[in-house]
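Every heavy atom of this structure was used, including side-chain atoms; hydrogens, water molecules and symmetry mates were not. Quick caveat, the model's predicted, so the values are computed rather than measured. Both counts, for ligands and for their atoms, begin at 1 and track the order of listing.
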Amino acid sequence: MTIILASASPRRYDLLTQVGCKFIVMPSSVIENNEQAMLPHELAVLQAKEKALDVFSKVQTHDVVIGADTIVVLDGQVYGKPVDKNDARSMLTSLAGKEHQVITGIAVVTANEIWKDFVVTNVRIGDIAAAEIEAYLTTGEPMDKAGAYAIQGMGALFVESINGCYANVVGLPLNKLSELLKKAGVKLL
Ligand SMILES: Cc1cn([C@H]2C[C@H](O)[C@@H](COP(=O)(O)OP(=O)(O)OP(=O)(O)O)O2)c(=O)[nH]c1=O
């Protein structure tokens, strides 16, 4: 049995490595679509499941595949990764001075079953000056991050407070993942 992380995200790789998991990486070829008409948490779970199932179809049946999808939700509106700098600027401008939710859906797929769940973390972003947004955009950091910021990077300068799982914001809720892995018969400790 091999544990496979169905993700191209270096953050997810780092988080899973942090907890001593021995795994390999196989990114999925799923194209995300955050415009689908469903509740934000359902969307995150669906996309996590699609990523995990896509990779599961290419591996051995006794393997265990982990998929995840992180979205930012502000007043019911879903923000994925920005498509360009303008999109990133508009996301950061909207997030400033408000609280939003970061939702990560996760799915653990085995031959017998699909375990799936999601975690919500509340994040409050403080006021951000327009010049700070411009400076942050030039770092390039926002471009591959849901909501156009990275709490684990310079984006931390904007985060006033968080309520909930930190790893969830970075892209992989480790406590919830451990719960699902245990159900799938995988113990990390
Ligand atoms: C909010 C936030 C998101 N992110 C990242 C985590 C995810 O990599 C990314 C959200 O995009 P995802 O679509 O969830 O993942 P991905 O495209 O990077 O990788 P894959 O689909 O192959 O698994 O945003 C941070 O790194 N820090 C943050 O503070």
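Looking from atom 2 (C) of ligand 1 to the surrounding protein, the closest heavy atom is Val169 O, 3.1 Å. Nearest protein heavy-atom neighbour of atom 6 (C) of ligand 1: Val170 O, 3.3 Å. For atom 18 (O) of ligand 1, the closest non-hydrogen atom on the protein side is Ser9 CB, 3.7 Å. Of all protein heavy atoms, the one lying nearest to atom 17 (O) of ligand 1 is Lys81 NZ, 2.3 Å. Among protein heavy atoms, the minimum distance from atom 27 (N) of ligand 1 is reached at Gln152 OE1, 2.9 Å. Protein heavy atom in closest approach to atom 21 (O) of ligand 1: Lys51 NZ, 2.6 Å. If you check which protein heavy atom lies closest to atom 24 (O) of ligand 1, you get Ala146 N, 3.0 Å. For atom 7 (C) of ligand 1, the nearest non-hydrogen atom of the protein is Arg12 NH2, 3.9 Å.
Near Ser7, the atoms of ligand 1 lying under 4.0 angstrom from a non-hydrogen atom of the residue are 19 (O), 20 (P), 22 (O), 23 (O). Counting the atoms of ligand 1 from 1 in the order shown, those under 4.0 Å from a heavy atom of Ile151 are 27 (N), 28 (C), 29 (O). The Asp144 neighbourhood of ligand 1 comprises atoms 9 (C), 24 (O), with distances under 4.0 Å to a heavy atom of that residue. Ligand 1 places these atoms under 4.0 Å from at least one heavy atom of Tyr149: 1 (C), 2 (C), 27 (N), 28 (C), 29 (O).
Atom CD1 of Ile31 has 12 or fewer neighbouring heavy atoms from other residues, nucleotides or ligands inside a 6.0 Å radius. Within 6.0 Å of CE on Met38 lie more than 12 heavy atoms contributed by other residues, nucleotides or ligands. Within 6.0 Å of NZ in Lys182 there are 12 or fewer heavy atoms belonging to other residues, nucleotides or ligands.
For the pair Gly171 and ligand 1, the shortest N or O to N or O distance does not fall below 3.5 Å. For a threshold of 3.5 Å applied to N or O pairs, the pair formed by Ala8 and ligand 1 contains at least one separation below that value. When only interatomic distances are considered, the shortest N/O to N/O separation between Val102 and ligand 1 does not fall below 3.5 Å.
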Stepwise side-chain hydrogen bond (donor to acceptor under 3.5 Å, both in side chains) test for Ser29 and Asp54: CA-CA 7 Å; Ser29 39; Asp54 175 58; 3.3 Å; yes
Go through Lys176 and Asp117 one step at a time and tell me if the salt bridge (Lys or Arg N to Asp or Glu O under 4.0 Å) criterion holds. CA-CA 8 Å; Lys176 179 62 74 181; Asp117 211 337; 3.0 Å; yes
Could you walk me through whether Ile106 and Leu180 satisfy the side chain to side chain contact (heavy atoms under 4.5 Å, CB included) test, starting with their C-alpha distance in whole Å, then the side-chain angles of each, then the deciding distance to 0.1 Å, before giving a yes or no? CA-CA 9 Å; Ile106 49 171; Leu180 299 191; 3.7 Å; yes
Using the side-chain hydrogen bond (donor to acceptor under 3.5 Å, both in side chains) rule, take Thr110 and Lys183 through it: C-alpha gap first, then chi angles, then the decisive distance, then the call. CA-CA 11 Å; Thr110 66; Lys183 288 182 184 167; over 6 Å; no
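The proximity of Val30 to ligand 1, defined as any non-hydrogen pair under 4.0 Å, does not occur for either the backbone or the side chain. Residue contacts with ligand 1, taken as heavy atom pairs separated by less than 4.0 Å, involve Arg11 solely via side-chain atoms from C-beta onward.
The CG atom of Leu43 lies 5.0 Å from the CD1 atom of Ile71; values are rounded to the nearest 0.5 Å. Here the CD-CG distance, from Gln36 to Asn33, works out to 4.5 Å after rounding to the nearest 0.5 Å. Rounded to the nearest 0.5 angstrom, Asp87 CG and Tyr79 OH are separated by 9.0 Å. Between Thr121 atom OG1 and Ile103 atom CD1 the span is 9.5 Å, to the nearest 0.5 Å.
The shell of residues lying under 4.0 angstrom from ligand 1, judged by heavy atoms, excludes Gly155.
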